[in-house]
2 protein chains.
Amino acid sequence: MKKKAVVNNTPVCQVRMQAISDTMSVLSGKWKFHILGTLIEGNKLGFMDLLREVNGIGTKMLSKELQDLEMNHLINRNVMNTKPITVEYSLTEYGKTLAPLIDELAKWGVQYRQSIYGLERD
Amino acid sequence: MKKKAVVNNTPVCQVRMQAISDTMSVLSGKWKFHILGTLIEGNKLGFMDLLREVNGIGTKMLSKELQDLEMNHLINRNVMNTKPITVEYSLTEYGKTLAPLIDELAKWGVQYRQSIYGLERD
DNA sequence: CAAGGTAGTATCCTATAGGAAACTACTTCC
DNA sequence: GGAAGTAGTTTCCTATAGGATACTACCTTG
């Protein structure tokens, strides 16, 4: 009897693995989830707003990550016609489809922290 | 009027950002989602099974990531009492709580790919 | 005209994530 | 006894992610 694949090498399973890679490559790096998470809460935010809200990020990374997200049509960059020029970053409609994923991420993190500090059942 | 935080610096918002960081640190790296995703499908898998199923991973990375996951109580490592010694990796009950998150990740990836290759609405 | 706000760029540097390949150690099959 | 399977470990190497810092450029306010 020849050794068969243990799980599925059916299309559906290949697709699943591919899909995980895709999502990870779009949301790669240390900051994208934070930025998106902040924009979900904040609706429309300027560059300096995000710099303040996203704890620990610097201008270089913020600038670069915002460009990445914009290129993938997850956020809008709107240069406003104000006296000191301001820029409004916001989620696109498409970017909003990430909300369930990010909520799930946050939900699990909350419950993870509880499982460690709440009850030391080790 | 003093400049106030634009979003919320309320506890709930701090907690959310913290939670995202927590989840990301537990699931950091290139492979953890793939490994967990495979174990969700495969139930119980050996080292070589995982090496075959997780496309592109090498022994060093697989070994290291499995150790990480085990340390965080997300997977079990069971050395079986077989003739050529085998090891069974499986999700812990706690690890299974990641299923919704990973499903969400995969779901979004599938729909992302469709949005690119399906309809070129650029 | 200096200070402070807006929104970034540019440069330099380093820690580390992760790949490739070789190697251990044990067993069973042919 | 050599090949092939189990499950890893070790070493060496490099690309790059990301931090710190300084800088541009424009506008407003005192």
On the 0 to 90° scale, with breaks at 30° and 60°, tag the B/F47-B/Y89 ring pair as parallel, tilted or perpendicular.
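Tilted: the ring planes of B/F47 and B/Y89 meet at 30° to 60°.
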A/I57 or A/I85, whichever maps to the more 5' nucleotide of DNA chain D
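Closest to the 5' end, via its nearest nucleotide, is A/I57.
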Taking [atom1] from [X] and [atom2] from [N], how many angstroms apart are they, rounded to a whole number?
X	N	atom1	atom2	answer
A/L50	C/dG5	CG	C1'	16 Å
A/K83	C/dG4	NZ	P	20 Å
A/D68	D/dG18	CG	C1'	13 Å
B/M80	D/dG8	CE	P	13 Å
A/K64	C/dA7	NZ	P	21 Å
B/M61	D/dA7	CE	P	19 Å
B/L51	D/dG8	CG	P	11 Å
B/K44	D/dT6	NZ	P	18 Å

Is [X] close enough to [N] that one of its side-chain N or O atoms is under 4.0 Å from OP1 or OP2 there?
X	N	answer
B/S63	D/dT9	yes
B/Y89	D/dT6	no
B/Q67	D/dT9	yes
B/R52	D/dT6	yes

Taking donor-acceptor contacts at under 3.5 Å, does the side chain of A/T59 reach the base of C/dT9?
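Indeed, a donor on one side and an acceptor on the other fall under 3.5 Å apart.
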Quiz item: B/K60 side-chain donor-acceptor pair to C/dG19 base, under 3.5 Å
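Donor-acceptor pair under 3.5 Å: yes.
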Roughly how far, to the nearest 0.5 Å, is the CD1 atom of A/I57 from the NE2 atom of A/H34?
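If I round to the nearest 0.5 Å, the distance is 9.0 Å.
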Enter the distance from B/K64:NZ to B/T59:OG1 here, rounded to the nearest 0.5 Å.
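Taking NZ in B/K64 and OG1 in B/T59, the distance rounds to 13.5 Å.
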From the list D/dT28, C/dG8, C/dG19, which nucleotide is the closest neighbour of the side chain of A/V87?
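Side chain of A/V87 sits closest to C/dG8.
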Listed nucleotide nearest any side-chain atom of A/R77, set C/dT6, D/dA7, C/dA7
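From the listed options, C/dA7 comes nearest.
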Salt-bridge present (B/E70, B/R77; N to O < 4.0 Å):
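Salt bridge flag = no for B/R77 with B/E70.
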For B/T92 and B/H73, indicate whether the former's side chain and the latter's backbone hold a donor-acceptor pair under 3.5 Å.
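Yes: the side chain of B/T92 pairs with the backbone of B/H73.
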Closest nucleotide of DNA chain C for A/E88 versus for B/E65: which of these residues is on the 5' side?
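Upstream on the strand: A/E88.
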